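Letters go in sequence order (proteins before strands), and every chain restarts at 1. Treat the numbers as computed from the prediction; the structure is a model and nothing was measured.
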Amino acid sequence: MNRSLNEHVAQLVSEASDGAVTPDEALSASVPLPALGVTSLAQMRLIDALEREYGVEVDLGTDVSHLESVAALAAFVESKR
Amino acid sequence: MNPQAIRVAFEGGGEGRGPLTWGQRAIWETVEATAPDDHYFNFGHVLAVPRAAWPLTPQSAAAAVSGLVERHPALRTTTPEGRGQVVHGRGELTAEIVTAEPGEGTKTATELLERLKRRRFDYAAEWPLRAGLVTSPSGVVTHLVLVYCHMAVDGLGAEIVLRDLRLLLIKGRVAGTLPATPLELALWQESEQGRRVAQAAEDYWEGEFLRVPASMFPAPAAEVEGPPIWRAVLTSHAAEAAARHAAARYSTSAGAVLLVGACAMTSALTGLSRCAMLPIVGNRFRADTRAAVTTLSQESLFTLDVTDGGRLTMAGLLTTAKPALLRAYRYGFHDPAGRAAATARASEARGEQVRPYCCFNDMRFADPPAELSDAAEVRDALTRSTLAWPLSQEQLNCRFCVHVSGEGGALALSLTADTRYVPKEAMERWLSGLEMFLMEAAFGDGSAVSALRRAG
């Protein structure tokens, strides 16, 4: 996996949560991001940031597991680019 | 009391005119539906003058208010007939000055706030901000009172205004870049990108309106004597703690647990396995709206399937609700005209008017962080829950309105309903069912959602 993409996504997670989650915590999390304190508002901010920065459209279908970790988010972005 | 006034002149801000934003149009629709009682939407703040700004003269207070109006175009924008917005570059408003008796400053300021809220705004000819000053008998300003027209700001926008007013009082200026203005937002919404966002939202509303019950409360169930609209408020410390426990347990927010709980209980109450509820959403998740001083809150549409209620698990319910919740947040940012078109098409396709008559407004600004008391303590708090019936009236534009607010460490769960469709005893059952739902979500074994039987 692209290391710098993961790091950038982790940075966006941190910004979306107003710093409640640090980039390092987001990168090394062993639980889903919401369990770290990424609220639904922060999730929506994160989606907005990913869509703006990578020009992708984040799917909000029945499965949103791609929003639950930095690795899954980065893989999602990679697959859509 | 000795009413006087001071002029607050402002100039140097940009001016312009353009269409209304989606948020402004949404408010305008409710204003039109409510007029002449639209003063109902007026709201405001009392700001006790920060110690760092003491002693404050009326002239300095007026200068701070004028700096505020210059900074935020929303506060100098008129919306004649709801047809568009006109941003004025210069103007003057009048701030009333009231002298309080010694020790009565806060009381006097609150009375002034209520008085300034009472009158409806003239959207064409009046500034959307009313200001007032309360002084001590020696003429020092102790409190500033601001009352807003809802076409100008919503609750979160007003919080930013208040923060900036404090800075202007203390430092005389506000640092930092200006957020997007309502006019810039309106022009973006008309752009190709904005239309794409609007179209996606319109598709969502239409798709959901084709599959949800046309109304959650389609037929009157009872005849009533006297005013049919009643409000019941359950004030519960246990619910507040339980919602936070449940949020931590299921990695979600207390607001989400409350909305899902409200939907699940409404399904149980109506016997409809799919619930459509219209929550008010803040629309502040976008980079360009996050700190905007304007009115952004809009109604969205949240739908939840509560099928197979007998075997439903709490985790199943709260987990399946997550994507639906995110969709509701995303598509709450919508063009009201697109929503109206989607509603009309869905209604025509179904041969019946689609209108859920079921809404939800979580009026708390933020979920407080989890402060975990143990289960036994929270269960004990159940005995302190109280139910009151503070309001009855003749008319309401809805049949089932849920309001959530914080009340000194408790949650005030308010249900305003048309008792021809939802009898009073069903309202009580729904509220106590919701409290039980929250307790189960927080402390139950998660194997079933027994609370659903309480409301059903």
Taking only residues two or more places apart in sequence or in another chain, which ones pass side-chain hydrogen bond (donor to acceptor under 3.5 Å, both in side chains) with B:T294? none
Output all residues satisfying side-chain hydrogen bond (donor to acceptor under 3.5 Å, both in side chains) with B:E299, sequence neighbours left out; order by chain, then residue number. B:R339
Below 4.5 Å from any heavy atom of chain B, which atoms of A:L46 appear? Answer side chain, backbone, both or neither. neither
At a heavy-atom separation under 4.5 Å, does A:L67 approach chain B through its side chain, its backbone, both, or neither? side chain
Over all heavy atoms of both residues, which pair between B:V306 and B:A264 is shortest? Give the atoms and the distance, please. CG2-CA, 4.1 Å
Return one line per donor-acceptor pair between chain B and chain A under 3.5 Å, naming both atoms and the distance rounded to 0.1 Å.
unit_1 : atom_1 : unit_2 : atom_2 : d
B:A287 : N      : A:D48  : OD2    : 2.8
B:R290 : NH2    : A:D18  : OD1    : 2.4
B:R327 : NH1    : A:L60  : O      : 2.6
B:R327 : NH1    : A:G61  : O      : 3.0
B:R330 : NH1    : A:V58  : O      : 3.0
B:R330 : NH2    : A:E51  : OE2    : 2.7
B:R330 : NH2    : A:V58  : O      : 3.1

For B:F333, enumerate each residue passing the ring-ring contact (aromatic ring centres under 6.0 Å, His included) test, keeping only those at least two apart in sequence or located in another chain. B:W22
Between CG of B:L258 and CG of B:L434, what distance do you get to the nearest 0.5 Å? 6.5 Å
The residue among B:N361, B:L259, B:L301 that forms side-chain contact (heavy atoms from CB on, under 4.5 Å) with B:P279 is B:L259
Any donor-acceptor pair under 3.5 Å from B:S267 side chain to B:L272 backbone: yes
